[in-house]
Student: 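The structure under discussion is supplied below as structure tokens; questions concerning it will follow.
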Protein chains: 2
Amino acid sequence: MELRADARHNRERIIKAAGELIAARGLDVPMAAIARRAGVGVATLYRRFPTREALMVELFHDRLAVCLAGVDAALEDPDPWRGFRTYIENLCAMNAVDRGLAAAFLTEFRGAVDFERERARAEQGFAELVRRAKAAGQLRAEFDRSDLSLILMATDGITAASAETAVAAARRLAGLMLRSFHTGPAAPLPPPAPLALYHLSVPD
Amino acid sequence: MELRADARHNRERIIKAAGELIAARGLDVPMAAIARRAGVGVATLYRRFPTREALMVELFHDRLAVCLAGVDAALEDPDPWRGFRTYIENLCAMNAVDRGLAAAFLTEFRGAVDFERERARAEQGFAELVRRAKAAGQLRAEFDRSDLSLILMATDGITAASAETAVAAARRLAGLMLRSFHTGPAAPLPPPAPLALYHLSVPD
DNA sequence: CGCTAAACGGAGAGGCCACTCCACTTGAGC
DNA sequence: GCTCAAGTGGAGTGGCCTCTCCGTTTAGCG
């Protein structure tokens, strides 16, 4: 069934608003906040996306497309290690900026078949990236598929803790990981990131 | 003012319950759940700890003591690198098991002076550990104070994502970090951890 | 235009949370 | 063992969240 023009318009505004909010504030932004930012009522939001999860699938779809594009770009690099490295670096950088990106890569949606197919494709491309870098003798054999998840989750932990310095910290983390997985001499590290502590005021 | 015997008893039960719950389920367990597990009413909990933060300070105190003890133990190791390495490894391992530990190290309590003093002491001890390991030429000069926070936050991200495999993943992460900061030849890595994806069911 | 199905928004139901109030119970000093 | 301040538990309050109901508005077709 075709959506009416105004409905289609609102749908796009919702997706845009949700994307911005999730990128900035994390996955658990209230639905009401999304609706407000999109300039629609909550009912409209729920009519278009019957559950919170449905909205997430839609959002993650775009993120996943970005990841996939990154893999393809990396595969075109004639230098397998450089391809691998810049892919990891970019992924970490994007993850630090958009707090919904890692989730797109890391959550399995039971029932969203086309989403799952696309993710499988991204994983396959990444596997090829890994294979080539290993074959070139630049990526240690120790690198495991699961290490990508490890890196992503670790970056998540950093961005969750300190949003301001997240990009710098994520960059440094990526540098550390890459150095550890690289066979060659240690590459220079991105500068340390001044990570702030959480603050808690304890009243008397 | 002295607490009555029953009150003191309940206070201890509350601390015990809160510690167990936070270790297992993270920092945001409901106060009611803590009270239930301690076998007391919520009012009792709040009478003893007027705010959630007050309870946290109490809990973090113990955790911090553990960290401090670890630093002292590490300082006694005649091999500075081994001291540094095992300290990081232990910290990551403990952090993977107790989801409140990193928070103890990473949150600043305005107004809880003795807590802050103790944390400063832990940081100082760690700085000495770093100094020695660097002086021995085993820890790269690149290691920065903030990198400890980085490691802790990264471990947090991993344990938050997948509790079951957290210890294995934390171990591997620690291995990766240490390898990256070590001057010598690459040490073997802990085995990869099979990180599960998040699951989200999307209804039709 | 005018009609109507489609789309809309806001009020509200229901759940979970932190935190409080108060009528009842009990430890411990005499 | 009496007394009563100290201690207690559970019901209640108000806030925030997800998701629904329903009276009103509007796009778009003839």
Side-chain angles (χ1 to χ4, degrees), chain A residues 1-18 21-22 24-59 99-100 103 107 109 111 198-204, chain B residues 1-19 21-22 24-60 99-100 103 107 109 111 198-204:
Chain A
M1 160 110 68
E2 239 350 69
L3 282 182
R4 226 166 67 176
D6 53 346
R8 196 167 355 103
H9 179 231
N10 279 339
R11 188 175 193 278
E12 273 154 30
R13 289 175 54 111
I14 288 169
I15 290 175
K16 183 162 173 288
L21 244 28
I22 284 180
R25 293 209 258 147
L27 242 31
D28 50 358
V29 287
M31 294 294 261
I34 296 172
R36 194 161 0 98
R37 175 173 254 255
V40 302
V42 274
T44 301
L45 171 47
Y46 276 100
R47 196 170 319 104
R48 224 42 72 202
F49 302 98
T51 68
R52 188 184 180 78
E53 284 72 32
L55 177 56
M56 294 302 162
V57 190
E58 184 65 36
L59 287 173
R99 304 183 55 180
T107 100
F109 284 100
Y198 309 111
H199 288 290
L200 238 51
S201 300
V202 31
D204 306 317
Chain B
M1 162 110 70
E2 241 347 69
L3 281 182
R4 228 166 64 178
D6 54 344
R8 195 164 1 103
H9 180 232
N10 278 339
R11 188 175 193 278
E12 272 153 31
R13 289 174 57 109
I14 288 169
I15 291 174
K16 183 162 174 287
L21 244 29
I22 284 181
R25 293 208 258 146
L27 242 29
D28 49 359
V29 286
M31 295 295 259
I34 295 172
R36 194 163 356 100
R37 174 172 255 256
V40 303
V42 274
T44 301
L45 173 47
Y46 277 100
R47 194 169 320 101
R48 224 40 74 201
F49 303 98
T51 67
R52 189 185 180 78
E53 284 72 30
L55 177 56
M56 294 303 163
V57 190
E58 185 64 36
L59 287 173
F60 287 5
R99 303 183 56 180
T107 100
F109 284 100
Y198 310 111
H199 289 290
L200 238 52
S201 300
V202 31
D204 308 318

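Quick note on labels: first sequence line is chain A, next is B, and so on, each numbered from 1.
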Student: To check you understand the geometry: which heavy-atom pair defines the closest contact between A:Arg52 and A:Val29, and what is its length?
Tutor: NH2-O, 2.8 Å
Student: In whole angstrom, what separates B:Arg13's CZ from D:dG7's C1'?
Tutor: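 Checked: the CZ to C1' distance equals 15 Å.
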Student: Using the salt bridge (charged side-chain N to carboxylate O under 4.0 Å, His left out) criterion, which residues pair with A:Arg8? Sequence neighbours excluded.
Tutor: none
Student: Quick test: give all pairs of protein nitrogen or oxygen and nucleotides 25-28 of chain C nitrogen or oxygen below 3.5 Å, distance rounded to 0.1 Å.
Tutor:
{"from": "C:dT26", "atom 1": "O2", "to": "B:Arg4", "atom 2": "NH1", "distance (Å)": "3.4"}
{"from": "C:dG27", "atom 1": "O4'", "to": "B:Arg4", "atom 2": "NE", "distance (Å)": "3.3"}
{"from": "C:dA28", "atom 1": "OP1", "to": "B:Ala5", "atom 2": "N", "distance (Å)": "3.1"}

Student: Once side chain to side chain donor-acceptor pair (under 3.5 Å) is applied, do any residues pair with B:Arg4, and if so which ones, sequence neighbours excluded?
Tutor: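 By the side chain to side chain donor-acceptor pair (under 3.5 Å) rule, B:Arg4 matches B:Asp6.
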Student: What residues in residues 31-46 of chain B put a non-hydrogen atom under 4.0 Å from any atom of DNA chain C?
Tutor: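 Contacts with DNA chain C under 4.0 Å: B:Met31, B:Val42, B:Ala43, B:Tyr46.
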Student: CE/B:Met31 to CG/B:Leu21 distance, rounded to the nearest 0.5 angstrom?
Tutor: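 If we round to the nearest 0.5 Å, B:Met31:CE and B:Leu21:CG are 11.5 Å apart.
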Student: List, one per line, each side-chain donor-acceptor pair under 3.5 Å for residues 35-50 of chain A, sequence neighbours excluded.
Tutor:
{"from": "A:Arg37", "atom 1": "NH1", "to": "A:Glu20", "atom 2": "OE1", "distance (Å)": "2.0"}

Student: Holding to salt bridge (charged side-chain N to carboxylate O under 4.0 Å, His left out), I want the full list of residues that pass it with B:Arg11, two or more places apart in sequence or in another chain.
Tutor: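 Applying salt bridge (charged side-chain N to carboxylate O under 4.0 Å, His left out) to B:Arg11 gives B:Glu58.
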Student: Go nucleotide by nucleotide along DNA chain D from the 5' end; which of A:Asp28 and A:Arg47 gets its closest nucleotide reached first?
Tutor: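 This one resolves to A:Asp28.
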Student: Please report the interatomic distance NE2(A:His9) to CD1(A:Ile14), rounded to the nearest 0.5 Å.
Tutor: 11.0 Å
Student: Rounding to a whole Å, what distance do you find between A:Arg52:CZ and D:dT20:C1'?
Tutor: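 Whole-Å distance recorded here is 17 Å.
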Student: To the nearest Å, how far apart are B:Leu27 CG and C:dC17 C1'?
Tutor: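 Atom CG in B:Leu27 sits about 16 Å away from atom C1' in C:dC17.
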Student: Can you check the B:Arg48 CZ to D:dG9 P distance for me, whole Å?
Tutor: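 Atom CZ in B:Arg48 sits about 10 Å away from atom P in D:dG9.
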Student: Expressed as a whole number of angstroms, how long is the span from B:Leu55:CG to C:dC19:P?
Tutor: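 One finds 11 Å between P of C:dC19 and CG of B:Leu55, rounded.
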Student: Rounding to an integer number of Å, can you tell me how far A:Asn10 CG sits from D:dA27 P?
Tutor: 11 Å
Student: Output the distance between atom CG (A:Leu27) and atom OG1 (A:Thr107), rounded to the nearest 0.5 Å.
Tutor: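 Nearest 0.5 Å value for the CG-OG1 distance: 8.5 Å.
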